[in-house]
Protein chains: 2
Amino acid sequence: MKTSRRPYHHGNLREALLSAAERAVETIGAGNLTLRELSREIGVSHASPRRHFADRQALLDALAQRGFERLGAALARAARGKEAGFEARLTRFARVHVRFARRHPVLFGLMFAAKGRPDAPDALRQASEEALAPATAIFTDGQARGEVVAGDPARIGLAGYAAVQGLIALTAGGKFKGVPLDTLVGEVIERIVLGLRPRA
Amino acid sequence: MKTSRRPYHHGNLREALLSAAERAVETIGAGNLTLRELSREIGVSHASPRRHFADRQALLDALAQRGFERLGAALARAARGKEAGFEARLTRFARVHVRFARRHPVLFGLMFAAKGRPDAPDALRQASEEALAPATAIFTDGQARGEVVAGDPARIGLAGYAAVQGLIALTAGGKFKGVPLDTLVGEVIERIVLGLRPRA
DNA sequence: GCGACCATGTTTGCGTTGACAACATTGTTT
DNA sequence: AAACAATGTTGTCAACGCAAACATGGTCGC
């Protein structure tokens with residue numbers, strides 16, 4: 001009996017819950033995630049998650065926050081390299097962004113849904129802002145190099161970033177299945193950079 | 001006792017459920033919608049919705065479908081007028097689209113979430129495609145007038161429509177509160193039409 | 001007229017869930 | 001070693017979705 005089959009304390013329940021939830025959510029959908037099933041899977045009692053998350057929503061918010069932190073790290077990496085041209089940089093940024101959304105579609109939806117909620121926790125809000133911050137640098141640098149029209153970077157960037165965000169929403173629908181995603185992103189960014197109107 | 005206080009049959013429960021649900025969803029969120037509360041509000045028993053919707057999801061899907069039908073009608077109206085220039089037409093289209101999303105944020109989220117679900121009903125899928133169809137006409141007409149670069153309209157339009165869709169997602173977050181929405185849409189569309197790169 | 005039929009709402013019940021309170025166990029601090 | 005804080009467990013409750021059996025009232029063939 002020396003080998004305690006199940007130590008009374010799990011040891012790292014919070015992390016175990018988060019990673020199990022992340023996997024579960026991606027397969028069954030965020031709406032179908034139940035704390036009890038999660039507890040069952042991990043092997044703890046049905047009320048233990050309460051010690052770490054006040055309620056179901058708090059767990060989902062924590063999941064979203066972690067998502068923003070990971071996305072932010074990936075985007076920051078993608079946005080490095082001032083030397084590169086604006087379009088190349090924006091394309092890299094967009095590709096990373098889109099790939100993340102593709103790889104974790106449910107988590108991604110969760111992230112931006114949580115961000116939009118009026119009662120979103122401050123930590124989540126802050127994580128989302130930090131994650132997306134690298135975008136503005138790309139635009140201001142582009143302006144400094146004369147590759148981007150003048151104006152408030154936030155407003156100029158809105159058009160570009162909106163296109164990226166929209167592309168994600170549209171490709172999530174599964175449209176354009178035949179075309180490789182990176183190709184599609186490259187095309188859209190080029191189109192956004194050059195404009196829809198033909199150039200002289 | 002002659003005046004039947006509550007006629008046994010409601011008469012139009014399906015519609016009553018849908019409109020009550022649409023209102024409720026917008027205030028408490030789709031996830032918090034319960035069939036029982038809905039039934040209580042309407043004044044029927046908690047199991048009656050089952051006659052009209054197989055389950056909760058079916059009701060939400062019907063809600064989304066109705067949403068696409070209304071959005072489609074509004075977009076079709078906005079896309080009329082071949083005579084108008086491409087940019088003006090696209091701007092009107094975008095404004096109507098964004099306003100709809102703003103006025104019914106939860107429903108809008110529901111619509112595109114349902115559309116993305118792999119097991120979405122055919123009727124819903126079809127409604128969503130029809131609703132968004134007017135967009136391609138705007139682009140092909142623009143190409144015919146030489147106001148839009150050549151190429152597969154679906155691919156060209158992707159950039160434009162992605163921007164609209166992304167703008168919705170971003171403004172839903174409540175950013176850019178100070179700026180009137182129509183102004184913002186106009187700016188973004190102009191930027192998309194002209195491109196981010198300065199014109200000679 | 002009238003009885004079978006059918007659409008629609010009701011009643012009752014079951015299993016699951018989120019939330020909560022009281023208690024148990026373990027590690028730490030004094 | 002005694003108090004304490006952190007963490008997990010057990011038991012309970014109200015609400016929910018779903019389902020089956022039943023009730024009601026209009027419609028249609030005859």
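Quick caveat, the model's predicted, so the values are computed rather than measured. Labels below follow one simple rule: chain letters A, B, ... track the order of the sequence lines, proteins then strands, and each chain is numbered from 1.
If you measure from atom CG of Asn12(A) to atom P of dA6(D), you get 17 Å, rounded to the nearest angstrom. Nucleotide dC18(D) holds its P atom 13 Å from the CZ atom of Phe53(B), rounded to whole Å. Atom CD of Glu15(B) is separated from atom C1' of dT8(C) by 16 Å (rounded to the nearest Å). Rounded to an integer number of Å, the gap from Arg14(B) CZ to dA7(C) P is 15 Å. In this structure, Leu59(B) atom CG and dC18(D) atom P are separated by 11 Å, rounded to whole Å. Between the CD1 atom of Ile42(A) and the P atom of dT9(D) there is a distance of 11 Å, given to the nearest Å. In this entry the distance linking NE2 of His52(B) with C1' of dG17(D) reads 17 Å, nearest Å.
Side-chain atoms of Gln57(B) and Asp61(B) include a donor-acceptor pair closer than 3.5 Å.
Mapping Arg51(B) and Arg50(A) onto DNA chain C by nearest heavy atom places Arg51(B) closer to the 5' end of the strand.
Counting all heavy atoms, side chain and backbone alike, Leu124(B) lies closest to Lys115(B) at CD2-N, 4.2 Å.
Side-chain N or O atoms of Arg95(A) include one that pairs as donor or acceptor with a backbone N or O of Asp182(A) at under 3.5 Å. Remark: the backbone N or O of Val106(A) is paired with a side-chain donor or acceptor of Glu26(A) at under 3.5 angstrom.
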Would you list the atom pairs, donor with acceptor, under 3.5 Å between side chains in residues 148-155 of chain A and any protein atom, with sequence neighbours excluded?
{"residue": "Asp152(A)", "atom": "OD1", "partner": "Ala154(A)", "partner atom": "N", "Å": "2.9"}
{"residue": "Arg155(A)", "atom": "NE", "partner": "Glu187(B)", "partner atom": "OE1", "Å": "3.1"}
{"residue": "Arg155(A)", "atom": "NH2", "partner": "Glu187(B)", "partner atom": "OE2", "Å": "2.7"}

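Between Ser45(A) and dT9(D), a side-chain N or O to OP1/OP2 separation shorter than 4.0 Å is present.
Listed nucleotides dA19(D), dG8(D), dC20(C) differ in distance to Ala47(B); the shortest reach to its side chain belongs to dA19(D).
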Between the protein and nucleotides 14-18 of chain C, which nitrogen or oxygen pairs are less than 3.5 angstrom apart?
{"residue": "dT17(C)", "atom": "OP2", "partner": "Arg40(A)", "partner atom": "NH2", "Å": "2.9"}
{"residue": "dG18(C)", "atom": "OP1", "partner": "Leu35(A)", "partner atom": "N", "Å": "3.3"}
{"residue": "dG18(C)", "atom": "OP2", "partner": "Leu35(A)", "partner atom": "N", "Å": "3.2"}
{"residue": "dG18(C)", "atom": "OP2", "partner": "Arg36(A)", "partner atom": "N", "Å": "3.4"}
{"residue": "dG18(C)", "atom": "N7", "partner": "Arg36(A)", "partner atom": "NH1", "Å": "2.4"}
{"residue": "dG18(C)", "atom": "O6", "partner": "Arg36(A)", "partner atom": "NH1", "Å": "3.0"}

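Looking at Glu147(B) and Arg89(B), no side-chain N of the basic residue comes within less than 4.0 Å of a carboxylate O on the acidic one, giving no salt bridge.
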